[in-house]
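All figures in this text were calculated on a predicted structure; none of them were measured in a lab.
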Amino acid sequence: MSTPPGHSSGRRGPSGDAGAAAALVVLSFLAALFLYTRHAGMPYYYHSDEPSKVQQVVGERPLNFKHPLLLMNATRGLASLVGVEGDRQAAARAGRFVSAAFGALAVATLAALAWLEWGLFAALCVAVVVGLSHGLFTFSHFMKEDTALVFGLAAALLGACWLLRRPTAAAAAAFGAGCALALSAKYAGATVLAVVPPVLWVALRGQPTDRARGLAAWLTGFAACFAVVNVSVLLDPAGFRAGLAYEADHVTTGGGRPFAGVLSAAYARSLLAQTTLPVLALGLGTLGYAFVGWRRRTPSERLLVAFPLLYFAVLQVAPIKATRYLLPVVVAVHAAAGVGVAALARSLAARVPALASPRRRAALGAALLA
């Protein structure tokens with residue numbers, strides 16, 4: 001596919017840092033995985049939602065499809081590989097490891113996204129700030145779908161930004177696969193589908209044949225990934241319909257909980273509780289600064305600013321208010337804070353010649369991160 005006017009044919013950073021970026025992504029994943037798998041040996045019934053999932057993993061009850069199957073099928077695959085053999089506690093450990101792996105993949109994916117958009121130093125800052133998010137750390141310790149959702153959304157945004165910067169069939173397919181991962185993590189991942197039409201429209205503003213090929217590539221990536229992850233849906237469509245109906249009723253009615261209201265401050269308080277004041281100030285400040293120069297922002301930058309706000313709005317109108325539901329927004333604020341640290345370091349280095357060398361700028365970034 002051709003590159004439409006106004007689109008960059010490559011990314012911003014120097015082409016020579018691709019190897020360093022790949023190393024950073026791998027190291028950030030390994031470091032986060034090590035951190036997120038510490039102290040995860042609680043009894044399998046420690047979290048009230050884990051026992052039913054454990055029973056599905058060990059075969060004591062069938063899949064209930066109350067959530068899509070990214071976490072469940074990944075856990076069943078790992079459990080089969082290591083041989084839990086009906087051991088509930090071993091199944092819980094496998095599920096928690098998978099949850100931690102998805103959390104670590106989210107860190108690595110966001111680092112890759114920061115590299116694509118702003119270069120290697122921003123990727124490093126994002127990896128550190130997101131990796132140390134205590135919200136991501138906490139929810140990586142339970143066999144729940146929240147970290148899988150964060151990873152899926154991050155993968156979808158990475159694919160979208162790649163497509164917006166370099167509109168190729170491969171990028172379109174990656175974007176489709178990322179959307180499928182988000183939807184396969186939690187039904188709330190369907191929120192990402194709202195950005196698909198504008199992203200494809202902006203990215204594929206070339207010839208009609210380019211749009212057709214791009215859409216076909218997106219559909220191929222989406223369908224292939226969704227089918228692989230959710231193959232159990234094809235084997236038990238009635239069970240899937242029942243689970244989906246239950247979850248839809250649970251969300252629309254509030255699950256028996258009082259409706260907090262659209263203007264509820266519950267999520268604002270939750271955001272404060274899951275961040276520190278420096279991270280919150282840097283993250284919201286970075287997002288606010290992006291709005292100031294909105295017209296100067298690239299399409300991919302606009303997407304990265306707008307999507308967390310869209311997701312927060314969807315949560316705000318939902319009847320159920322739960323702390324863990326906010327995790328994608330919390331992680332987005334941490335990522336924005338990492339970008340803000342990198343931008344501050346660059347700005348100070350530009351104004352103070354003594355800080356202009358890469359080594360001193362890195363030291364300045366480390367000081368800001370501390």
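The two residues C225 and A180 make their nearest non-hydrogen contact at CB-CB, 3.7 Å. Listed here is the closest heavy atom pair of P308 and V329: O-CG2, 4.1 Å. When all heavy atoms are compared, the tightest approach of T109 to L158 is CG2-CD2, 3.9 Å. Between G340 and T286, the shortest heavy-atom contact is CA-OG1, 3.2 Å. Nearest approach of N230 to L69, heavy atoms of both residues: OD1-N, 3.3 Å. Closest approach of W201 to R205, counting heavy atoms only: O-CG, 2.9 Å.
For the atom pair S28 OG and L105 CG, the distance stands at 9.5 Å (nearest 0.5 Å). In this structure, the separation between CD on E247 and CZ on F65 is 13.5 Å, given to the nearest 0.5 Å. Separation of atoms CG (N64) and CD (Q56) is listed at 4.0 Å; rounding is to 0.5 Å. If you take CZ on F142 and NZ on K53, they are separated by 13.0 Å, rounding to the nearest 0.5 Å. Summarising the geometry, atom CG belonging to L326 is positioned 11.0 Å from atom NZ belonging to K321; distances are rounded to the nearest 0.5 Å. Atom CG of residue L136 and atom CG of residue L110 lie 9.0 Å apart, to the nearest 0.5 angstrom.
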| request: Take R241 and L244 through the test side-chain contact (heavy atoms from CB on, under 4.5 Å) and record every step on the way to the result. | output: CA-CA 5 Å; R241 288 194 298 270; L244 180 60; 5.8 Å; no
| Stepwise side-chain contact (heavy atoms from CB on, under 4.5 Å) test for F139 and K144 | CA-CA 7 Å; F139 294 115; K144 293 290 292 176; over 6 Å; no
| Passes side-chain contact (heavy atoms from CB on, under 4.5 Å), V129 versus L282? Steps please. | CA-CA 11 Å; V129 177; L282 273 168; over 6 Å; no
| task | Take V341 and V128, measure what side-chain contact (heavy atoms from CB on, under 4.5 Å) needs, and give me the verdict at the end. | result | CA-CA 11 Å; V341 168; V128 172; over 6 Å; no
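Residues D236 and P62 have side chains not in contact (no heavy-atom distance under 4.5 Å, counting atoms from C-beta outward). Within the 4.5 Å cutoff, the side chain of V233 has no heavy atoms near those of the F226 side chain. A heavy-atom distance below 4.5 Å is not found between the side chains of H47 and M42. In this structure the side chain of F307 reaches within 4.5 angstrom of the side chain of V192, judged on heavy atoms. Counting heavy atoms from C-beta outward, T191 and L153 have side chains that stay 4.5 Å or more apart. Looking at C179 and V196, their side chains come closer than 4.5 Å, going by heavy atoms from C-beta outward. Under the 4.5 Å side-chain criterion, counting only non-hydrogen atoms from C-beta, L303 is in contact with V195. In this structure, T275 and H334 have side chains that are in contact, with non-hydrogen atoms separated by less than 4.5 Å.
The backbone N or O of G135 sits nowhere less than 3.5 Å from a side-chain atom of R324 that would complete a donor-acceptor pair. A donor-acceptor distance shorter than 3.5 angstrom exists from the side chain of Y267 to the backbone of A322, with no hydrogens or angles considered. The backbone N or O of R76 sits nowhere less than 3.5 Å from a side-chain atom of S80 that would complete a donor-acceptor pair. Between the R88 side chain and the Y45 main chain, no donor and acceptor come within less than 3.5 Å of each other. Side chain of R61 to backbone of S52: no donor-acceptor contact under 3.5 angstrom is found. Checked by atom type and distance alone, the side chain of Y36 never pairs as donor or acceptor with a backbone atom of S99 at under 3.5 Å. A donor-acceptor pair is defined here as one N or O able to donate and one able to accept, closer than 3.5 Å; such a pair exists between the side chain of T37 and the backbone of L33.
The side-chain tip of R93 does not point at the ring of F97 from less than 6.0 angstrom away and within 45° of straight on.
With respect to the salt-bridge test (charged N to carboxylate O, under 4.0 angstrom), the residues E145 and K66 do not qualify. Salt-bridge annotation for R296 and E301: absent, with no side-chain N of the basic residue lying under 4.0 Å from a carboxylate O of the acidic one.
Ring pair Y187/F240 is tilted by interplanar angle, where 30° to 60° counts as tilted. The aromatic rings of F175 and W218 sit perpendicular to each other, their planes meeting at more than 60°, with 30° as the lower class boundary. Aromatic ring pairs are classed by plane angle as parallel below 30°, tilted from 30° to 60° and perpendicular above 60°; the pair H141 and F137 is tilted.
With hydrogens and angles left out, the side-chain atoms of E117 and S300 include a donor and acceptor closer than 3.5 Å.
Residues passing the ring pair (Phe, Tyr, Trp, His ring centres under 6.0 Å) test with Y311, sequence neighbours excluded: none. Every residue two or more places apart in sequence or in another chain that forms a ring pair (Phe, Tyr, Trp, His ring centres under 6.0 Å) with W294 is listed here: F291.
Put simply, L181 and L116 are part of two different groups of oily side chains (I, L, V, M, F, W, Y) that touch within less than 4.5 Å, one to the next. Residue V57 is grouped with residue L78 when hydrophobic side chains (ILVMFWY) are merged at heavy-atom distances under 4.5 angstrom, including chains of intermediate members. Neither Y46 nor V98 shares a network with the other; the hydrophobic side chains, linked directly or stepwise wherever heavy atoms of I, L, V, M, F, W or Y lie under 4.5 Å apart, form separate groups for each. L113 and V150 fall within a single hydrophobic cluster, where Ile, Leu, Val, Met, Phe, Trp and Tyr side chains are chained together by heavy-atom contacts under 4.5 Å. Grouping the Ile, Leu, Val, Met, Phe, Trp and Tyr side chains by contacts below 4.5 angstrom, directly or via other members, places L272 with L315.
Taking Ile, Leu, Val, Met, Phe, Trp and Tyr as hydrophobic and joining them when side-chain heavy atoms fall under 4.5 Å apart, one finds L234 isolated, its cluster having no other members.
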